[in-house]
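Remember, it's 1-based here, ligands and their atoms both numbered in the order they're listed. Each residue takes its place number in the sequence, starting with 1.
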Amino acid sequence: MTELRVGIVGVGVMGADHAERIVRKTAGARLAAVSDADTGRAEALAGRLSERSTAGSASTARHSGGTAYAETVRVVEDPMELIAADDVDAVILASPGFAHADQLFACLEHGKPVLCEKPLTMDAASALRVVEAEHKLGRQLIQVGFMRRFDPEYAALKQLLDSGDLGRTLLLHNVHRNKSASPTFRSEMIVRDSMVHEVDVARWLFGEEITRITVHTPTPTSLVADGVLDPQLAVFELANGALADVEVFVNFQVGYEVRCEAVAERGSATIGLGSGVFTRAGQQWGGTMPADFRVRFEQAYDIEVQRWVDATVRGEIDGPSAWDGYAAAAVCEAGLESLGTGKPVDVALADRGEVLG
Ligand SMILES: NC(=O)c1ccc[n+]([C@@H]2O[C@H](COP(=O)([O-])OP(=O)(O)OC[C@H]3O[C@@H](n4cnc5c(N)ncnc54)[C@H](O)[C@@H]3O)[C@@H](O)[C@H]2O)c1
């Protein structure tokens with residue numbers, strides 16, 4: 001295979017970002033097709049990419065090894081048709097979570113490797129069906145977009161903890177704040193769409209499953225619609241007895257901030273301090289905060305997509321698996337139950353050995 005022909009389903013915020021990434025930055029891949037429930041949006045993206053082209057309305061020009069060449073980005077109205085298309089070797093799913101299950105089953109049916117943005121699906125039962133369907137195929141085709149695993153700071157933290165230099169890891173403290181969220185971003189979405197990242201981070205850093213979750217809700221900020229529980233403070237209990245806590249605050253007003261401190265037997269390690277360029281000017285000192293996740297995690301997304309392309313060409317995945325997506329869904333489902341009561345809720349997780357044989 002000379003170049004991996006990638007099709008993207010859903011070209012809103014994340015899908016459009018990945019489209020640019022495939023076209024501008026990813027070696028060994030090209031953007032073959034895009035599809036969106038809003039076909040006009042897909043056409044606009046294809047058009048926008050084409051504007052920089054020398055080769056007409058449906059083409060984009062880019063450089064590879066110093067040679068500029070044109071590529072055609074096809075707009076496909078029906079996402080299922082894109083997934084089945086012969087000129088699409090692999091798929092990035094960046095549609096909303098509720099559309100993932102059907103589109104993942106279609107990818108499996110057509111043998112298409114897929115990088116699926118989190119969440120894998122909306123609930124644990126459907127996520128488990130996806131895991132089982134993939135397992136039946138006998139080949140891992142699904143990678144889940146938990147991109148923090150590819151962030152250089154998180155990767156360095158993981159390496160440090162795994163080295164054992166600090167002894168056993170006992171605790172994780174996480175902070176996850178957004179400048180603001182849309183008024184439609186309800187309390188449940190704070191768990192399923194935001195906290196899910198810390199769920200994956202905790203499982204990954206400890207190498208253990210989360211067995212119980214408690215979601216506490218202090219008096220909400222007055223800057224959100226009535227009924228939205230923001231911020232939230234959750235505690236995860238891990239199978240080895242370790243604990244992780246996370247504050248998720250999606251209407252923090254200031255900027256995007258993600259921090260993680262691991263506390264171990266002989267020391268602690270913190271990432272996400274944002275200690276970039278420190279300036280003194282205009283009677284102020286300090287640095288800047290990223291406006292959103294696309295800025296803070298740009299490198300993580302770049303590395304994630306490049307490694308996914310490279311692994312796909314080898315017939316492998318190189319990152320969080322369908323099981324990881326399922327386990328995160330199971331924790332979030334328990335988290336949603338706890339959100340209603342403030343009480344600890346046990347995570348109902350299938351037996352990995354039984355499911356994966
Ligand atoms: N990894 C991350 O850090 C990260 C960050 C943001 C979003 N996400 C995930 O990416 C996905 C997309 O989020 P977003 O913020 O880009 O949302 P968005 O609303 O900006 O974009 C979603 C797009 O999908 C389209 N769409 C709706 N239903 C569809 C369907 N059935 N088939 C195809 N397209 C459909 C919409 O028209 C829209 O253009 C979600 O799963 C979200 O959780 C991940």
Side-chain angles (χ1 to χ4, degrees), residues 7-21 33-46 48 75-85 88 91-107 114-123 126-127 130 142-151 154 176-186 188-201 204 248 250 256-258 272 290-305 307-308 319-320 324-325 328-329 332:
I8 300 185
V9 174
V11 288
V13 174
M14 210 58 242
D17 202 50
H18 283 322
E20 293 272 351
R21 178 166 291 108
V34 290
S35 182
D36 195 286
D38 179 347
T39 305
R41 185 171 292 167
E43 280 167 352
L45 176 72
R48 199 169 73 239
V75 175
V76 184
E77 213 166 297
D78 180 357
M80 295 302 188
E81 198 184 305
L82 179 147
I83 291 167
V88 170
V91 177
I92 293 179
L93 279 190
S95 50
F98 64 77
H100 290 179
D102 288 348
Q103 293 170 350
L104 282 167
F105 282 121
C107 289
V114 52
L115 176 61
C116 176
E117 270 306 338
K118 58 84 201 162
L120 184 66
T121 67
M122 298 297 276
D123 58 76
S126 60
V130 169
I142 300 170
Q143 185 168 323
V144 185
F146 289 127
M147 78 300 178
R148 291 200 191 165
R149 297 188 186 202
F150 300 93
D151 173 62
Y154 271 106
H176 182 170
R177 298 176 182 149
N178 298 72
K179 188 170 197 291
S180 60
S182 111
T184 58
F185 205 81
R186 312 296 300 178
E188 298 73 25
M189 298 168 82
I190 296 176
V191 175
R192 201 163 37 208
D193 287 283
S194 298
M195 194 185 296
V196 66
H197 280 295
E198 276 73 25
V199 167
D200 184 64
V201 160
W204 174 61
V248 185
V250 302
Y256 186 72
E257 185 177 17
V258 166
D292 71 21
F293 49 86
R294 286 171 297 180
V295 181
R296 163 66 180 87
F297 286 115
E298 182 181 0
Q299 240 190 316
Y301 293 121
D302 290 351
I303 297 168
E304 171 191 52
V305 170
R307 280 179 47 182
W308 172 70
D324 293 313
C332 289

Under 4.5 Å between any side-chain heavy atoms of [X] and [Y], yes or no?
X	Y	value
Q103	I83	yes
Y256	V295	no
K118	M147	no
E188	D193	no
H100	S95	yes
V130	L104	yes
V305	F150	no
N178	F185	no

Counting distance only, does the side-chain N/O of D36 pair as donor-acceptor with the main-chain N or O of A42 below 3.5 Å?
no
Among all protein heavy atoms in this structure, tell me which lies nearest to [atom], with the distance rounded to 0.1 Å.
atom	value
atom 29 (C) of ligand 1	A37 CB, 3.6 Å
atom 21 (O) of ligand 1	G12 CA, 3.2 Å
atom 11 (C) of ligand 1	S95 O, 3.4 Å
atom 14 (P) of ligand 1	M14 N, 4.1 Å
atom 31 (N) of ligand 1	A99 CB, 3.5 Å

Result of checking I92, L45, V76 against V34 for side chain to side chain contact (heavy atoms under 4.5 Å, CB included):
L45
Check each of E298, R296, E304 against D151 using the side chain to side chain contact (heavy atoms under 4.5 Å, CB included) test, and report the only one that passes.
R296
Taking 4.0 angstrom as the limit and counting only heavy atoms of [X], give me the atoms of ligand 1 inside it, by number and element.
X	value
P119	41 (O), 43 (O)
H197	1 (N), 2 (C), 3 (O)
D193	43 (O)
V9	33 (C)
H100	41 (O)
G145	1 (N)
P79	32 (N), 33 (C)
R41	36 (C), 37 (O), 38 (C), 39 (O)

Would you mind finding which of [options] brings a heavy atom closest to [atom]?
atom	options	value
atom 37 (O) of ligand 1	D38, D36, I8	D36
atom 22 (C) of ligand 1	G10, C116, A94	A94
atom 1 (N) of ligand 1	R294, K118, E117	E117

Which label fits W204 and Y154: parallel for a plane angle under 30°, tilted from 30 to 60°, or perpendicular past 60°?
tilted
Charged N to carboxylate O under 4.0 angstrom, R21 versus D302?
yes
Taking N or O atoms only and a 3.5 Å limit, does [X] qualify as a polar contact for ligand 1?
X	value
F293	no
V13	yes
P96	no
Q103	yes

If you measure from each non-hydrogen atom of Y301 to ligand 1, which part falls under 4.0 Å: side chain, backbone, both or neither?
side chain
